[in-house]
Structure formats: structure tokens, C-alpha cells
There are 2 protein chains.
Amino acid sequence: MTEKSALALDNQLCFALYSASHAFGRAYRQFLDPLGLTYPQYVVLLVLWEKDDITVKDIGEKLFLDSGTLTPLLKRLEAGGLIRRIRDREDERQVRIRLTDSGRALKEKAQDIPKTIGCILDLPSDEVSALRRQLGDLRGKLQAAVSKP
Amino acid sequence: MTEKSALALDNQLCFALYSASHAFGRAYRQFLDPLGLTYPQYVVLLVLWEKDDITVKDIGEKLFLDSGTLTPLLKRLEAGGLIRRIRDREDERQVRIRLTDSGRALKEKAQDIPKTIGCILDLPSDEVSALRRQLGDLRGKLQAAVSKP
DNA sequence: CACCATTAGATTGTGCGCAAGATAAATTTT
DNA sequence: AAAATTTATCTTGCGCACAATCTAATGGTG
């Protein structure tokens, strides 16, 4: 009787994650639209606001995204005047990504987004940390399972 | 000193969710590829395996997806011979989705996927339930915040 | 009944996410 | 040094997500 239906939608952790993730995306949209950003573009900027002048590969490793996703996204950020893509002189295989003044300035306007989202979630900060850690563990286990076999 | 950087990637619950969700998708891929399914197609089938002969709208409400996403996805499932899309005689606006024999039969082959994923995650079932509930709460709060203002 | 709003789906356009394959530069081997 | 291998990025193609717009059918209202 513990079995019930393993295939029931409501029993699926993955679906809970999948649908919550999309809900997050829709919630962020209302704050990012005015900045002209999508959520993936925003997280790329989060990375650059922490450390500027890094390679596409560096960004990909932090965000778990490959160049097939990042190259066109970065081109759009460049077209929007927020970053520049510069071939590395030392190693011509690499492309270094640098914020423009305009890209750096956008950080100010994004400053309040996390707090606003935090208010919506209305969770104690230790619960948020716990969740973040658990999700990180999940991601780690899933990645390990995919890369090996 | 509690503030640190609200914009730091590692402090973002949303990013933890976003990256874990993608990791899930990549993990499922190796089990769904042999069945010729994508993850979104799989969750549509989960819904139909629980209750057959429902409308596109019904599916959309369970999965939090709109017709812009579902219509082409369902057409692909129909092209693959797993479902049929039938205009409702009573209300010609609706399209009812029904599993074919082949679509029903696929349930057998999908039966072991949740357990396999469960082994990868290797979490006590009460922790999984707790996570699922917390993620459901998050989704609810985010949805409420998006629809109102 | 005629009019108007609502509803269910379909369509169009944009932007991911990722697999697979291509290109070119660096590195290692021979 | 030439050849083979590895590495970083780009490109192509497919399938979501979703906003916005459209069409057609239904359900009121006066």
C-alpha cells in the first residue's frame, strides 16, 4: 500500500520542481521586463556583476549552460549594449565577456529584485538556505548520474 | 553583515531551482530518449495515464501550461501515434485528448522511471515529500503574486 | 433575435536549452 | 616540425514556454 502510483503527477518531485521553476520565471518576468532582460540574461549578468571579464566557458560552468545556449544569448546582450565580446589575444579560442558602463549601471536597477521576490515568498531565511542547499545537493547527484554512465 | 550581496548567484533560491530543474531534465532524458519522449511530453502522458479523454484546457490546468505550448506538443504526440485529438461534438470549441492503444501501452515501459530516479536522488521518502510540499507552496505564492497586481 | 462578452484552441514570433557537428586555435605526441 | 588530439566557441535544428493575436463557438442580455 506504500506503492500507490509511482507515475502519479502529484508524487513527482521533478514535476514540483519543474512547475515551481516556471512559476519563478513568470514572477521574475514582471521585474525584468522593464529592464529589457530575460531571466537567463539576468543570471548571466549576476555572474558578471560578481566578476567581470571572464570567458564564455567560465560563465557556462557557473550556470551549467553550454555555448549553444550562451553564444546567442551573449550576442543579444551585446546587441543591447550591456556587454562586449572580445577575442582573447593570448588564446584566440577564447572570447572574454566584459560589461559596458551601461551593463554595470543596470546593477543598480536590479538591486531590489531579490528583496521583492523574498517578500513574495515570505519564508524564514533559514528555510530558504535549507531549500537552496537541498536543491544544490539534488543537482549534484543528478549531474553525477548523468556524466558517468 | 547579514546583507552581503543580495545579487550573488549563490544566494539565489531561484537559481538553485532553475539549475536543479535543468539537471532533472537532463537526467530524465536518458530514460525518455529510448521511449521517444521529451520530459514535457512525458508529464502530459502522466496526466492522461491517470485520467484519459480530457480537454486541452484540463491538461493545461494540471501542468500550468497554455495552449501555445500544448497545441504543438499534442500534435507531436498525435504524429507519434500516442494520442488522438478529437473535436468535442457537444462543444466544438474543445478538443478532447485520448490515448491510443500504443499510448496506453507506453505506460508499462515508463513504470520504472520514477524508481530509477529515486535511486539516483537517494533521499528518505519523508524528505522528498517535504520538498515536494515546499515547492508546491512556493509555486502557489508565486502564482498568486503574478495574477493579482 | 441581435449584440456582446467569454471561452477554447490555434497561430506567430522570440528566446531559451541542448544535442550534434563544424571550425579554428592551442597543446601534445611522435 | 608534422601529425594527432584537445579545447573553446560557433552553428544548425528541434522542442519547449510564453506573450500576443486570431478564429470560431458558446452563453448571456436586452
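We name chains A, B, ... by the order of the sequence lines, and we start the count at 1 in each one.
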Next on the checklist: If you take any heavy atom closer than 4.0 Å to DNA chain C, which residues from residues 86-97 of chain B end up in contact?
Outcome noted: B/Arg87, B/Arg93, B/Gln94, B/Val95
Checklist entry - Can you pull the side-chain hydrogen bond (donor to acceptor under 3.5 Å, both in side chains) pairs that have at least one residue in residues 54-65 of chain B, sequence neighbours excluded? => result B/Thr55-B/Asp58, B/Lys57-B/Glu61
Item to check | Close side-chain approach of B/Tyr39 and B/Arg26, heavy atoms under 4.5 Å | outcome: no
Checklist entry - Considering only heavy atoms from C-beta outward, does the side chain of A/Leu99 approach that of A/Lys107 to under 4.5 Å? => result no
Checklist entry - Starting at CG of A/Leu63 and ending at P of C/dC16, how long is that distance when rounded to a whole Å? => result 12 Å
When the side chains of residues 75-85 of chain A are checked against the rest of the protein, which donor-acceptor pairs come out under 3.5 Å, sequence neighbours left out?
{"from": "A/Glu78", "atom 1": "OE1", "to": "A/Arg85", "atom 2": "NH1", "distance (Å)": "3.3"}
{"from": "A/Glu78", "atom 1": "OE2", "to": "A/Arg85", "atom 2": "N", "distance (Å)": "3.1"}

Which protein N or O atoms sit under 3.5 Å from an N or O of nucleotides 17-22 of chain C?
{"from": "C/dG17", "atom 1": "OP1", "to": "B/His22", "atom 2": "NE2", "distance (Å)": "3.4"}
{"from": "C/dG17", "atom 1": "OP2", "to": "B/Tyr18", "atom 2": "OH", "distance (Å)": "2.4"}
{"from": "C/dC18", "atom 1": "OP1", "to": "B/Arg26", "atom 2": "NH1", "distance (Å)": "2.2"}
{"from": "C/dC18", "atom 1": "OP2", "to": "B/Arg26", "atom 2": "NH1", "distance (Å)": "3.1"}
{"from": "C/dC18", "atom 1": "N4", "to": "A/Gly68", "atom 2": "O", "distance (Å)": "3.3"}

Checklist entry - Quick one: are B/Leu48 and B/Ile54 in side-chain contact, heavy atoms under 4.5 Å? => result yes
Next on the checklist: Below the 4.0 Å mark, does C/dA10 have OP1 or OP2 next to a side-chain nitrogen or oxygen of B/Lys57?
Outcome noted: no
Item to check | Nearest-angstrom distance from the residue atom CD1 of B/Ile54 to C1' of C/dG9 | outcome: 15 Å
Item to check | side chain to side chain contact (heavy atoms under 4.5 Å, CB included) involving A/Pro114 - partner list, sequence neighbours excluded | outcome: A/Tyr42, B/Ala6, B/Leu7, B/Gln12
Item to check | For chain B, the stretch of DNA chain D it reaches, first to last nucleotide, under 4.0 Å of its heavy atoms | outcome: D/dG15 to D/dT26
